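The structure under discussion appears below in the form of structure tokens.
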Amino acid sequence: QINGEYIPKDTLARLTERVKDTGIVVTEFEFMTALALLWFYEEKCDVVILEVGLGGKTDATNVIKKPLCSVIMKIDFDHTAVLGDTIKQITTEKCGIIKNGTPTVSYPIQEKEALDVVLAHNPNTVVPGVSDLHILSSDINGNRFIYNNEEYSTRLIGQHQVYNAITAIETVKAAGIEVSAKEIKNGIQKANLPARLELISEQPIVFLDGAHNPNGAEAISYFMEKYNGNIIAVVGMMRDKNCDGFLSQVLKYCKSVITVTVKENPRSISAEELAGISKKYCNDISTAEDYDTAINEAYLKSNAEKPVFVFGSLYLSGAIREKLVSKYNK
């Protein structure tokens, strides 16, 4: 995207032909990264934000020799088969994006083992101070907070979004980008992030979240807890994720769980297998043959009163979001 707008289809087609004609065999992600960088170059972007696909050290985005700033977000166990099965190994892979002489910013709350690795790569890493942070409110309308004596608000839901916001504030400063304090406040207030505790409906309450790992479970659980075990959940996951570990954290807040297979994705765990795992953590478990069935069943079980949470995979979120919006916003 450039300025919030997706690449035009004709431009995508033209650049696809150009990248394809290089004759080099690459992965889908490498192909998309090359295409994106080419588009950003053609459009003469002032600032480009590249999110690493997997890890960092050997990721396609790591071709940038000297970024304005390297940002290390919350480190947790994910993609352990590739990145390693310890926090130290995973952090080391992610810190591959840190370059000599380049500013680095870290998420404010890291395990000591992770932060030690980050600081070893760059002793001058900026770590936002939580002592300078005061959260004024956090609910389904978003967050209000004071950081370094300045008040901010964001529509993004969940207290973890406050920590994301102060990381972004420090990143803008560390990168030396000329953005005024007013513009930073305005950007944080307007920020929109689909499928990240996204409020689809307020009556009944319906949330969509792509959470699928321990860190995601922690973030969503913090918000689920307030609904006193009355949540109706629709869950679909990839089988290469720690499904048991994830579900053990979140399903204790659920009254009923409806499992689905993420269609047209060979990595998906089946609805039946997922139901088998879920039974360990919730008594009322059912499977749905497709998304519409799952949504309708959740609607009936919620009885327009109980909150509905849909989560477990970004692939599920992308496939089901439009159907949820259609169902609950008629």
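Here the structure is a predicted model, which is why all the values come from computation and not from measurement.
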Original post:
Can you find a side-chain donor-acceptor pair between Asn62 and Lys99 that sits under 3.5 Å?
Top reply: yes
Subject >> Residue Leu199 excluded, over 12 heavy atoms near CG under 6.0 Å >> reply: yes
**OP:** Return yes if some donor-acceptor pair links the side-chain N/O of Ser302 with the main-chain N/O of Glu305 below 3.5 Å, else return no.
**Re:** no
Subject >> With Tyr291 via ring pair (Phe, Tyr, Trp, His ring centres under 6.0 Å) - residues at least two apart >> reply: none
Original post:
Sub-3.5 Å donor-acceptor pair from the side chain of Thr167 to the main-chain atoms of Tyr163, do we have one?
Top reply: yes
Can you give the donor-acceptor pairs under 3.5 Å from side chains of residues 68-77 to other protein atoms, not counting sequence neighbours?
{"residue": "Ser70", "atom": "OG", "partner": "Ile97", "partner atom": "O", "Å": "2.8"}
{"residue": "Lys74", "atom": "NZ", "partner": "Ile109", "partner atom": "O", "Å": "3.4"}
{"residue": "Asp76", "atom": "OD2", "partner": "Asn215", "partner atom": "N", "Å": "2.8"}

Original post:
Do Val126 and Thr104 have side-chain heavy atoms sitting under 4.5 Å apart?
Top reply: no
Original post:
Do any N or O atoms from the side chain of Glu43 and from the backbone of Trp39 form a donor-acceptor pair under 3.5 angstrom?
Top reply: no
Subject >> Partners meeting salt bridge (charged side-chain N to carboxylate O under 4.0 Å, His left out) with Lys88 (sequence neighbours left out) >> reply: none
Original post:
Should the pair Asp139-Lys226 be classified as a salt bridge under the 4.0 Å nitrogen-to-oxygen rule?
Top reply: no
Subject >> Heavy-atom side-chain proximity of Met238 to Cys243 below 4.5 angstrom >> reply: no
Original post:
Would Lys327 and Asp292 count as a salt bridge (Lys or Arg N to Asp or Glu O under 4.0 Å) if you check the C-alpha gap in whole Å, the side-chain angles of each, and the deciding distance to 0.1 Å?
Top reply: CA-CA 9 Å; Lys327 176 71 175 181; Asp292 289 320; over 6 Å; no
Subject >> Side-chain donor-acceptor contact under 3.5 Å, Gln189 with Tyr152 >> reply: no
Subject >> Side chain proximity check, Arg155 to Leu193, heavy atoms < 4.5 angstrom >> reply: no
Subject >> Heavy-atom check, side chain of Val162 versus side chain of Ser138, under 4.5 Å >> reply: no
Original post:
Residues two or more places apart in sequence or in another chain: which of them pass side chain to side chain contact (heavy atoms under 4.5 Å, CB included) with Val19?
Top reply: Phe31, Ala34, Leu35, Leu38
Original post:
If we only count heavy atoms from C-beta on, is the Asn186 to Lys190 side-chain gap below 4.5 Å?
Top reply: yes
Original post:
Will you find, in the side chains of Ser286 and Glu297, an N or O donor that is under 3.5 Å from an N or O acceptor?
Top reply: yes
Original post:
Is the shortest side-chain N to carboxylate O distance from Lys263 to Asp290 below 4.0 Å?
Top reply: no
**OP:** Answer with yes or no whether the side chains of Glu273 and Ser270 bring together a donor and an acceptor at under 3.5 Å.
**Re:** yes
**OP:** Could you check Glu183, Lys182, Glu178 and say which one makes a side-chain hydrogen bond (donor to acceptor under 3.5 Å, both in side chains) with Ser180?
**Re:** Glu183
Original post:
So do the side chains of Leu208 and Leu316 get within less than 4.5 Å of each other, counting heavy atoms only?
Top reply: no
Original post:
For atom OH of Tyr315, is the number of surrounding heavy atoms from other residues, nucleotides or ligands below 6.0 Å larger than 12?
Top reply: no
Original post:
So, Tyr281 and Asp244: side-chain donor and acceptor under 3.5 Å apart, yes or no?
Top reply: yes
**OP:** Could you note down all residue pairs passing salt bridge (charged side-chain N to carboxylate O under 4.0 Å, His left out) where residues 103-116 supplies at least one of them, sequence neighbours left out?
**Re:** Lys112-Asp116
**OP:** Indicate whether any N or O donor in one side chain lies under 3.5 Å from an N or O acceptor in the other, for Glu30 and Thr27.
**Re:** yes
Subject >> Side chains of Met237 and Val262 in contact at under 4.5 Å (non-hydrogen atoms) >> reply: no
**OP:** Scan residues 168-212 for pairs that pass ring-ring contact (aromatic ring centres under 6.0 Å, His included), counting only residues two or more places apart or in two chains.
**Re:** Phe207-Phe223, Phe207-Phe309
Original post:
Do Leu119 and Leu115 have side-chain heavy atoms sitting under 4.5 Å apart?
Top reply: yes
Subject >> Neighbour count above 12 (heavy atom, 6.0 Å) for Asn100 CG >> reply: no
Subject >> Salt-bridge criterion met for Arg14 and Glu42 (N-O under 4.0 Å) >> reply: yes
